[in-house]
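Structure first, commentary second.
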Number of protein chains: 2
Amino acid sequence: MTTPPRSVARSPDDGRPGAALPALPSVAATTGSSLAVQVMTAVRRAITAGEMEPGRLYSVQQLASAMDVSRSPVREGLLRLGEAGLIRFHRNRGFEIVEVSPTDVAEIFAVRTALEVPAARRAARLAGPGELDRIRAQWQAMHEAARTGDLEATARADEALHRLLLLVAGNSQAVQLVERLRTTTAFLGVVAATTRRPVDELAREHDALVQAVLARDEEAAALAMREHLASTAQRLVAQALLAQRTPAERVEELTAQVWGAAAAGY
Amino acid sequence: MTTPPRSVARSPDDGRPGAALPALPSVAATTGSSLAVQVMTAVRRAITAGEMEPGRLYSVQQLASAMDVSRSPVREGLLRLGEAGLIRFHRNRGFEIVEVSPTDVAEIFAVRTALEVPAARRAARLAGPGELDRIRAQWQAMHEAARTGDLEATARADEALHRLLLLVAGNSQAVQLVERLRTTTAFLGVVAATTRRPVDELAREHDALVQAVLARDEEAAALAMREHLASTAQRLVAQALLAQRTPAERVEELTAQVWGAAAAGY
DNA sequence: CGCCGGTGGGTGACATGCTACCCACGGTGG
DNA sequence: CCACCGTGGGTAGCATGTCACCCACCGGCG
């Protein structure tokens, strides 16, 4: 697309360092944006898909040849991921996927609680008629997605609804921060987490929230947002505990403990 | 230092694009770390020093030759700054310093309020004896710096105290986020903002906060933190308004308005 | 058998060449 | 005089070469 080489098919084998990496989804999907962004997307997908795992060392060279691009955009994308805390570099040795601990998840949701509960309050107060319509529309879209059983679409609608409420609350800084936090927790596989319970339960959790905002009831909106986040947080903390081989019978107890410690006061 | 060239003294003139840029502080200071980090530091300094201004277009090539390094580390450093929202890239045209609007400042402090008020509450509850000692020590260090009239040291101690409280509250995610937010507002020149009032006023603002935490009075700590952030926010919003050539007689009114709108509900 | 210093492979960091692309400018035609 | 278009300078993005550095491995020495 840009310069002559490319599509030359990489050298048949490659790295001994971290084992062959399952060839990554060949980028493809994200065409259009810069290669660095495509690399970030591809790595994220590879992580959530379990194709790259914590504890193993990978290198820029390795990824570059696996994706048929040069080291520059790979390096650039990886550095951004590193800054976001998703990978960690070991000088002259490679980089490693950072494991998201249950405590991290709890802390992230504590922060989201601190930001989004007031945002819900403000949204209930500040939303104009047009914005209320958009909120209602987004909410209906989520129920629609849930009705067809489409997990991923439901999760996307969930995200969009949260973003919309933050926007209506009128704090673009908070919108950006929450966006960033979400990309971190996304690694746990929200989809996987919601699989256990029917998707329309996820959709229904928003009913009280949306109705409170539409009714302009600030306190009810704040409370609904708090409960929704707490419930999501506990699901994901449990997920993270399971990913750490926590014995199933202790998960419930530990989840309550971890989330309680992190959330108290927010 | 690394490869042969360097220190060859750049071509005598250089860019027409953004006018000659006052030669930047020649990096120097930050020796030791990577060149990309040195570039970030240098650019930050150049912005706060007014050597680079919003609205003008600069280029990687230009900065690279001005600093006698290649384009790679410059590009890398600038990309990081761009991700932090401090500069904006215009494809194939160059990059531009992003102006921080009064509204942005207000929103940032609204977010900080949402995060740090609960953190103060938690710190008052959770701090162990050793941590209380560290808080007290940091507080005294700030008063010491203020007594000698050292603006920059006082500001640093202020930062350290806030970071310490967030750490004691036990949420490392919040620590990172606040850190990032601070680097953005730093561009307004906290130093300049505090110059107008004696530094020990800044130090004294923390007295109620620290004493509440030491006394383990959660609500008093939360309230003190809220008031301190509101007062700092208003100072910086006013600063941002002045930077936008707002007529002096309207600053007070607009400050109250902007901050009130952004902070209500947090 | 255990320690220890040499050595080679692999990595991040930087320098540099190349290309597609965009915009401003100026000349040309109406 | 004004609209339009070709062209050239300048830029970001990507590819690739190079180097200092670090670590793991290994063979010899105590």
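Chain A is the first sequence line, chain B the second, and so forth, proteins listed ahead of strands; every chain is numbered from 1. Predicted model only: the values in this text are computed from it and were never measured.
Between Asn171(A) and Leu166(A), every side-chain heavy-atom pair lies at or beyond the 4.5 Å cut-off. Looking only at side-chain heavy atoms (C-beta outward), Val39(A) and Met67(A) come within less than 4.5 Å of each other. For the pair Leu229(B)/His162(B), a side-chain contact is recorded, criterion being any heavy-atom separation below 4.5 Å from C-beta on.
Of the side-chain N and O atoms in Ser70(A), one or more sit less than 4.0 angstrom from OP1 or OP2 of dA15(D). Of the side-chain N and O atoms in Arg71(B), none sit less than 4.0 angstrom from OP1 or OP2 of dA15(C).
The base of dA15(D) is paired with the side chain of Ser72(A) by a donor and an acceptor separated by under 3.5 Å.
Closest to the side chain of Arg93(A), from the set dA24(D), dA15(D), dC21(C), is dA24(D). Among dT11(C), dC23(D), dC14(D), the nucleotide with an atom closest to any side-chain atom of Gln61(A) is dT11(C). Distance from the side chain of Arg75(B) is smallest to dC14(D) among dC14(D), dG12(C), dC21(C). Ranking dA12(D), dC14(D), dG17(D) by closeness to the Ser59(B) side chain, first place goes to dA12(D).
Atom CG in Leu78(A) sits about 11 Å away from atom P in dA13(C), given to the nearest Å. Rounded to whole Å, atom C1' of dG13(D) lies 16 Å from atom CZ of Phe95(B). Whole-Å rounding puts the Leu63(B) CG to dG10(D) C1' distance at 15 Å. Atom-to-atom, CD of Glu96(A) to C1' of dG12(C) comes out at 16 Å; the value is rounded to the nearest Å. Across the protein-nucleic acid pair, Arg91(A) atom CZ and dA20(D) atom P stand 13 Å apart, rounded to whole Å. Per the geometry, CE belonging to Met67(B) stands 11 Å off P belonging to dA15(C), to the nearest Å. Distance OH (Tyr58(B)) to C1' (dG10(D)): 17 Å, rounded to an integer number of Å. Rounding to whole angstrom units, CD of residue Glu76(B) and P of dG13(D) are separated by 14 Å.
What you find for Ala240(A) and Val105(A) is that their closest heavy atoms are CB-CG2, 4.2 Å.
Side-chain atoms of Gln244(B) and Ser101(B) include no donor-acceptor pair closer than 3.5 Å.
The residue among Ala36(B) and Asn92(A) whose nearest nucleotide of DNA chain C lies closer to the 5′ end is Asn92(A).
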